[in-house]
**Student:** 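The structure that follows is given in the form of structure tokens.
The structure presented is a predicted model; accordingly, all values stated were derived computationally and were not measured. Numbers restart at 1 for each chain; the letters A, B, ... are given by sequence-line order, proteins then strands.
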2 protein chains.
Amino acid sequence: MRIHLLTLAIAASIALPALAADAATPAKQKSAQAIIDAAPASAWRDLDPANTLYMELASGRVIIELAPGFAPEHVANIKTMAKGGFWDGLNIYRSQDNFVVQFGDPDGEEAGKAKPYPAGTQTHLPAEFTRSDNGVHFDRLPDVDGWAPQVGFVDGFPVGRNPKTGKVWITHCYGTLGAGRNNAPDSSIGAELYVVTGQSPRALDHQLSVVGRVVKGMELLSVIPRGPAPMGFYTDPKLRTPIVSIKLASEVPVEQRTPLQLLRTDSQAFIDATEARRNRKDDFYTDPPGHIDLCNVSLPVRETMDKAARK
Amino acid sequence: MRIHLLTLAIAASIALPALAADAATPAKQKSAQAIIDAAPASAWRDLDPANTLYMELASGRVIIELAPGFAPEHVANIKTMAKGGFWDGLNIYRSQDNFVVQFGDPDGEEAGKAKPYPAGTQTHLPAEFTRSDNGVHFDRLPDVDGWAPQVGFVDGFPVGRNPKTGKVWITHCYGTLGAGRNNAPDSSIGAELYVVTGQSPRALDHQLSVVGRVVKGMELLSVIPRGPAPMGFYTDPKLRTPIVSIKLASEVPVEQRTPLQLLRTDSQAFIDATEARRNRKDDFYTDPPGHIDLCNVSLPVRETMDKAARK
């Protein structure tokens, strides 16, 4: 009894658009995957090597897109630290189930044991919890959200927006990369970083500086053994996961890069694929929710064969 | 720079109740954890051994609470199969990142290779996607939800409710246990089961028969290596995770049981702890969301020292 259960990502299907759901003869529509597969080249954008990190683990490469539009000072500092090899030989020292993995220098607070920051590292930065929505292109989702007045995408990142305050911020979805801090809002510099591996902890939104998100390789971080409750810091240092290196993609030889493309969140293909998921109806799914949560929207990524993309 | 970041589960904190947020001198309130720690014995309920499964893996015990109030026929069948040792020696044959693990008989659809069902197993059951809310005690959350008109708890399980249809259903949160099926709604019998390990896939709500949820041991399932995309079925059978056994707790000698208690969702402690998380404000969190998502509400579980609870 191998079940076809839960074929969220594959298989041809029929999706009824929301507005046509009660039409007499609704047109057959493509599945989200079929829409993505048929997207024109113009619907895809190249990941910018100057804003991409490669985190190399023994198990493989985790690829991170940085968000300089949201946390410019943190991102600049992270680039300085990556160029200086700060994380090379450090480790993932925390894994809390259904929450985050966290990495950096486990001895960072111990004088004499802390790894020195590379030359040029800023040791104090302002909090970058939100940015102004002034002049920002916002791809809004129509769906209700309990955590934010509006949700959607900016620069391809999932965001919340408050029109009253004029602020937008990257939301804590699966794969979101944030900068750990102490109690003071301006106590993060990007040296200690966390990646969301559990149910989206949106209660953290606009309370930490979010610096990017994982676009490939989450399955390498999500399986890291959990540390002891409640917070997942390993008591046995041997259980930490070593980081071989974290480098900027632009600092890696072209032939060693992973040329990725992301589907533009303002493309018709993205809009249509999201709608196909919001109102999925096919041989398996017969009761469409008519809704999608921001953190359930998948952000399609593909490896391009185009050598020119390795620019 | 060991950061205090993200101390969701610990540390004293001050929480302002929603209605008192603008009061001149809000009273200091306890953290969610302090509220739970101070809950009276009457706020806790014993897990019923007759509706509890122990899934034994080499890495430890996963404890599942069954939901006979929602899927009585599936639960009865699962008990029959557990008593007959159906899953003993079978395996977890699927792990899809940010979605589910799935277990049972990977050869279940192959005549001649499929493991026979134990005597008494029903090979056809009705779909049990929802139940009537008639006479059901519903602990409603005030929070908005995009997937369901109302959300809250029934029998301690997270649920959605539609007052217009008079239906309630267990929602697909982290740890939810559901019965895999083929396209026909009545094609599940509980032999093939899945557990949610990723961002809550609420689009599955009321489209599958949900039979329970994991109350302890999720960290053993969540780290299982992911199978290949898109669906996570292992192509190499050696990568499957063996199941030593799945037994009803009531069939296990008393001294080998894990006596657990769950915080009642109708207790004042549960209500207060949820409110403390909804409006968390302390030295670290300074911008309370005033909201909590159903699938972000934690369901406190504790091991009791009370031998009487091993009844």
**Student:** Indicate the atoms forming the closest heavy-atom contact of A:S222 with B:D97, along with that distance.
**Tutor:** OG-OD1, 2.6 Å

**Student:** Do the non-hydrogen side-chain atoms of A:V144 and B:V144 ever get within less than 4.5 Å of each other?
**Tutor:**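 Yes; the side chains approach each other to less than 4.5 Å.
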
**Student:** Looking at every heavy atom in both A:N183 and B:D283, which two are closest together, and how far apart are they?
**Tutor:**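 Heavy-atom minimum between the residues: ND2-CB, 3.5 Å.
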
**Student:** Minimum heavy-atom separation for B:W147 to A:H291, with atom names?
**Tutor:** CZ3-O, 3.2 Å

**Student:** Taking side chain as everything from C-beta outward and backbone as N, CA, C, O, which of these in B:L220 sits under 4.5 Å from a heavy atom of chain A? Side chain, backbone, both or neither.
**Tutor:**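 Nothing of B:L220, per the 4.5 Å heavy-atom cut-off to chain A.
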
**Student:** With chain A as the partner, which of B:T197, B:I292, B:V196 has the greatest number of non-hydrogen pairs under 4.5 Å?
**Tutor:**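 Among B:T197, B:I292, B:V196, the one with the most close pairs to chain A is B:I292.
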
**Student:** Given heavy-atom pairs under 4.5 angstrom as the criterion, report whether the side chain, backbone, both or neither of A:D287 touches chain B.
**Tutor:**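 Contact with chain B is through both the backbone and side chain of A:D287.
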
**Student:** For the atom pair SG (A:C173) and CG (B:N98), what is the distance rounded to the nearest 0.5 Å?
**Tutor:**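 One finds 10.0 Å between SG of A:C173 and CG of B:N98.
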
**Student:** Please tell me if the side chains of B:N296 and A:Q199 come closer than 4.5 Å, counting only heavy atoms from C-beta onward.
**Tutor:**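 The answer is yes, as the side chains (C-beta and beyond) meet within the 4.5 Å cut-off.
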
**Student:** Given side chains that start at C-beta, do those of A:Q207 and B:F284 come closer than 4.5 Å, heavy atoms only?
**Tutor:**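 In short, these two side chains do not touch, never coming nearer than 4.5 Å.
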
**Student:** Give the member of B:G104, B:A148, B:P289 that has the highest number of heavy-atom pairs under 4.5 Å with chain A.
**Tutor:**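 It is B:P289.
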
**Student:** As an exercise: rank A:P185, A:S200, A:G175 by heavy-atom pairs under 4.5 Å with chain B and give me the winner.
**Tutor:**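 Option with the greatest count: A:S200.
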
